[in-house]
Structures are given as C-alpha cells and as structure tokens.
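One structure below.
Note that this is a predicted model, so its numbers are computed, not measured. Sequence lines set the chain letters: A, B, ... in the order given, protein chains first and strands last, and positions in each chain run from 1.
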Amino acid sequence: MKSAGSRASRGRGAPRKKDGEAEGAVSVSPTYLEIYAAVERVPCGCVATYGQVARLAGLPGRARQVGYALHALPPGSPIPWQRVVNARGEISLPGASAERQRRLLRAEGIEFDERGRINLRRFGLPG
DNA sequence: ACTGTGACTTTCA
DNA sequence: ATGAAAGCCACAG
C-alpha cells in the first residue's frame with residue numbers, strides 16, 4: 001500500500017519539495033494547483049478569461065500567473081487550457097499555438113468572428 | 001539577492 | 001476604436 005511513500009522526513013521538515021518530482025507528484029506550488037483546478041471547473045462549451053480563472057482560483061489580480069501556469073502545463077495534460085482566453089475574448093497564444101487552441105475550441109462549439117475573437121457574452125462563463 | 005520576462009487585467013487619455 | 005501606464009507575482013539566469 002504505501003510503497004515507500006513515507007519519505008517525507010528527509011532531513012528538514014520541509015514539505016516543500018523542489019526536486020522536480022521524485023515519486024509522489026507533488027512538486028508544483030499550491031498556487032498552480034489552484035489555477036489548474038479552476039481551469040478544470042470551466043464547463044465545456046464555455047471559455048473563461050485569465051482574470052476569471054485567477055478569481056476562481058482564489059487569486060484575484062494574478063491573471064498573469066494564470067498564463068504562466070498554463071504555459072508550464074505539459075503536453076497531454078488533463079487541463080482544458082484551451083478554454084482560457086484573454087479579456088478581449090481573443091487567443092493570447094502566438095501564431096501556431098493560437099490556431100491549435102482555436103481548433104480545440106471550435107471542436108467544443110465555440111465560435112469565432114472574422115477577427116478571430118470570441119463573444120464572451122455568449123461563450124463566456126455564466127454569471 | 002536582484003533583474004528581466006511573461007499564454008494578463010484594468011484604468012485613463 | 002487605440003495606446004500607454006501601473007499593478008501583479010512566479011520562474012529563470
């Protein structure tokens with residue numbers, strides 16, 4: 001059952017591990033986890049802005065960190081990062097990545113206008 | 001420890 | 001509508 005999971009006491013009582021990720025998996029800061037959790041809360045067929053995600057994560061005003069956290073997401077992560085766009089309803093990713101995100105959103109029913117923008121009034125978070 | 005950078009937001013002109 | 005400035009914080013060098 002535990003399979004050598006009790007390795008927390010390693011010298012100092014530092015719950016903060018920075019060894020990349022040994023075996024457990026807990027290596028990222030709680031802030032990132034909150035951000036990822038908030039993104040997962042975004043319902044399918046809807047998009048949220050970085051500011052909204054930050055707020056859902058309990059980090060009002062830290063929209064920038066949301067972008068950084070999503071950028072740090074590994075490929076194939078279960079986090080629907082594509083549902084996060086900027087406050088203008090536009091994709092903040094550079095060229096190629098933007099098209100990739102746009103395709104994913106379109107697959108979820110999100111519509112884009114000629115300028116490549118999303119109507120947050122329709123596809124934004126309810127409320 | 002310090003500096004620069006960034007998938008940002010909001011406000012003001 | 002566009003643009004600049006300030007605010008915000010984590011990570012990398």
Donor-acceptor pairs under 3.5 angstrom involving side-chain atoms of residues 64-74 of chain A: please list them, not counting sequence neighbours.
none

Output side-chain donor-acceptor pairs under 3.5 Å for residues 91-98 of chain A, partner residues at least two apart or in another chain, one line each.
from    : atom 1 : to       : atom 2 : distance (Å)
A/Ser92 : OG     : A/Asn86  : ND2    : 3.2
A/Ser97 : OG     : A/Arg100 : NH2    : 3.4

Sugar-phosphate or base contact per nucleotide [nucleotides 8-13 of chain B; S, B, -; heavy atom under 4.0 Å]: BSS---
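- Counting to the nearest Å, the C1' atom of B/dA7 and the OH atom of A/Tyr68 are 11 Å from each other.
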Donor-acceptor pairs under 3.5 Å, side chain of residues 116-127 of chain A to any protein atom, not counting sequence neighbours: which ones?
from     : atom 1 : to       : atom 2 : distance (Å)
A/Asn119 : OD1    : A/Arg121 : N      : 2.8

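- Separation of the C1' atoms belonging to C/dC8 and B/dG6 is 12 Å when rounded to the nearest angstrom.
- Residue A/Gln82 comes nearest to A/Ile79 through the heavy atom pair OE1-O, 4.4 Å, listed as atom of the first residue, atom of the second, then distance.
- Nucleotides of DNA chain C with any atom under 4.0 Å from a heavy atom of chain A span, from 5' to 3', C/dG7 to C/dC11.
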Can you give me every donor-acceptor pair (side chain of residues 46-63 of chain A, partner residue at least two apart or in another chain, under 3.5 Å) with its distance?
from    : atom 1 : to      : atom 2 : distance (Å)
A/Thr49 : OG1    : A/Gln52 : N      : 3.1
A/Gln52 : OE1    : A/Thr49 : N      : 3.1

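- The side-chain tip of A/Arg102 points at the ring of A/Phe112 from less than 6.0 angstrom away and within 45° of straight on.
- Each salt bridge (charged side-chain N to carboxylate O under 4.0 Å, His left out) pair with one or both residues in residues 68-79 of chain A, not counting sequence neighbours, would appear here, but there are none.
- Partners of A/Arg83 according to the side chain to side chain donor-acceptor pair (under 3.5 Å) rule, which considers only residues two or more places apart in sequence or in another chain, are A/Glu108.
- Near DNA chain B, meaning a heavy atom under 4.0 Å away, there are no residues from residues 98-120 of chain A.
- Within 6.0 Å of CD in A/Glu99 there are 12 or fewer heavy atoms belonging to other residues, nucleotides or ligands.
- Scored by the side chain to side chain donor-acceptor pair (under 3.5 Å) test, A/Thr31 finds no partners at all (sequence neighbours excluded).
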